[in-house]
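Both counts, for ligands and for their atoms, begin at 1 and track the order of listing.
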Amino acid sequence: MNQAVKSDTPNDESNEYYAKHKKIYPRKVTGLFARLRVLGVLALLGLYYLIPWVQYDGHQAVLFDLPARKFYIFGLVFWPQDFIYLALLLIVAALALFFFTTLAGRLWCGYACPQTVWTEVFLWIEEWIEGDRNRRIKLDKSPWTAHKIRIKATKHLLWFLFAAWTGFTFVGYFTPITTLWQELTTFSLGPWETFWILFYSFATWGNAGFLREQVCIYMCPYARFQSSMFDRDTLIISYDEKRGEPRGTRRKGVNPREVGLGDCVDCTLCVQVCPTGIDIRNGLQYQCIGCAACIDVCDQVMDKMNYPEGLIRYTTENAMEGKPTRILRPRIVIYGLLLAFLTGLLFYSMATRTPLRMDIIRDRNVLYQETTEGLVENTYILKIINMDEKPHAYHLSVDGIKGLQLVMRQPKITAPSGKVITIPVQVQVDPVNLKKPSNDIHFHLQAVDDPELSITETGRFLGPVIH
Ligand code: SF4
Ligand code: SF4
């Protein structure tokens, strides 16, 4: 790529890799992409804070009940045995990330990543209490006075209240939030709940209040490998060097070509609004989270100068070189097809999921037994898991060999909701019906009150060697 992704280089002056962290004071920006980000923040945080309070069918609509090993998602209840759905979901999420990154760069980082979203809210609070960029810089440089202490303390108090509500909400996804609220207000929270609420509160406070861009630059692995998903047709945020250079200040109304300049007025506003403190004019850099703040601010500068907008814009490397951009390319098609297939598979398998499981464990101590009536008998232990939200009685049957008989000590199988029951059963058959020493047999389990709720599992039936 022309615009090579720049990596860490030694600090020029000291020739060392270590550079002291410089605090970044992003300037507030308005414009189309800023509005989109605000919408994204409100929608995502709104969902995050509201969802745990939603009730569905007598329980919390979304609850990951770890002690009971049950995950409720509205009408669905997932068990540890449903791990396959989680694995599928993670694969779909990873593929979606690959697909959208190849198509349109770091959309996730710029608009939806929790680090971006919470940092944005922390910045709003900071701006509200401490003022705009210049006032914040001035305040930080000023000596510690009562006024400064009051302003800083107010900001940290608000940050911490917001972070504490975030930690409380997070724990509310694992412990019923209404109970948690009751415990919180009566000072009777358990030690683990207290620990996790405080842990997530401090993590939010630290990440969004202090670490900010350092999480993106130094801690997030995605920043490091995302450029490997880019190609010449990926939508990226770029500075149009051909149009902008040579940069330089000039009076409004001056034709830049007449004074030997490009369209960049070198106002550095694109650097001042950048949350990671980089200069997009130096080319594509891995620190760029694709927030588009520099597009918004540069467009405003272009408008003021009566120049066309788009000196910094979403574009592709091919488009920058005047070549056509291809949206449908092999990588996109493969990611897209895989994503559509696996998403369809996930929804289909969840929609047709049966909340009933049966494991068949054959008694390994003996191959088979002969009964006094001369029948061949195999013994099994059936582990039945009722993953439904109500108890069921079940009917069990077996087939696979002519004349198979099922012998059960207990005539009725009943399983309460969410319980695993163990049933020993014997299966007998007349040896004349055995054509071979090892046979597949099929156990059918069906709920008495709901014939649709049924499951079939295969077991092995062993008999004597036939000569
Ligand atoms: S905001 Fe636009 S005009 Fe100002 S320095 Fe950046 S690229 Fe140049
Ligand atoms: S360079 Fe532009 S898009 Fe990238 S992080 Fe900075 S402001 Fe956002």
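Between Asp449 and His392, the side chains place a donor N or O and an acceptor N or O closer than 3.5 Å (distance only, hydrogens not considered).
With 2.8 Å as the limit, Cys267 does not count as an N, O or S neighbour of atom 8 (Fe) of ligand 1. Residue Cys294 counts as close to atom 2 (Fe) of ligand 2, with an N, O or S atom under 2.8 Å. Metal site remark for atom 8 (Fe) of ligand 2: Cys291 contributes an N, O or S atom at a distance under 2.8 Å.
For Tyr222 and Phe225, the distance between ring centers is under 6.0 angstrom.
For atom 8 (Fe) of ligand 1, the closest non-hydrogen atom of the protein is Cys264 SG, 2.3 Å. Nearest protein heavy-atom neighbour of atom 2 (Fe) of ligand 1: Cys298 SG, 2.4 Å. Scanning the protein heavy atoms around atom 5 (S) of ligand 2, the nearest turns out to be Ile289 N, 3.4 Å. The nearest protein atom to atom 3 (S) of ligand 1, hydrogens excluded, is given as Val265 N, 3.5 Å; this is a heavy-atom distance.
Not a single heavy atom of Arg247 sits under 4.0 Å from any atom of ligand 1. A heavy-atom separation below 4.0 Å is not found between Val273 and ligand 2.
Note on ring orientation: taking the six-membered ring where Trp is involved, the planes of Phe64 and Phe174 are tilted (angle from 30° to 60°).
Annotation for ligand 1: atoms under 4.0 Å from non-hydrogen atoms of Cys270 are 1 (S), 5 (S), 6 (Fe), 7 (S).
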Legend entry - Thr166/Tyr200 under side-chain contact (heavy atoms from CB on, under 4.5 Å): CA gap, chis, key distance, verdict: CA-CA 7 Å; Thr166 305; Tyr200 283 104; over 6 Å; no
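Contacts between Ile278 and ligand 2, counted as non-hydrogen atom pairs separated by less than 4.0 Å, involve the side chain only.
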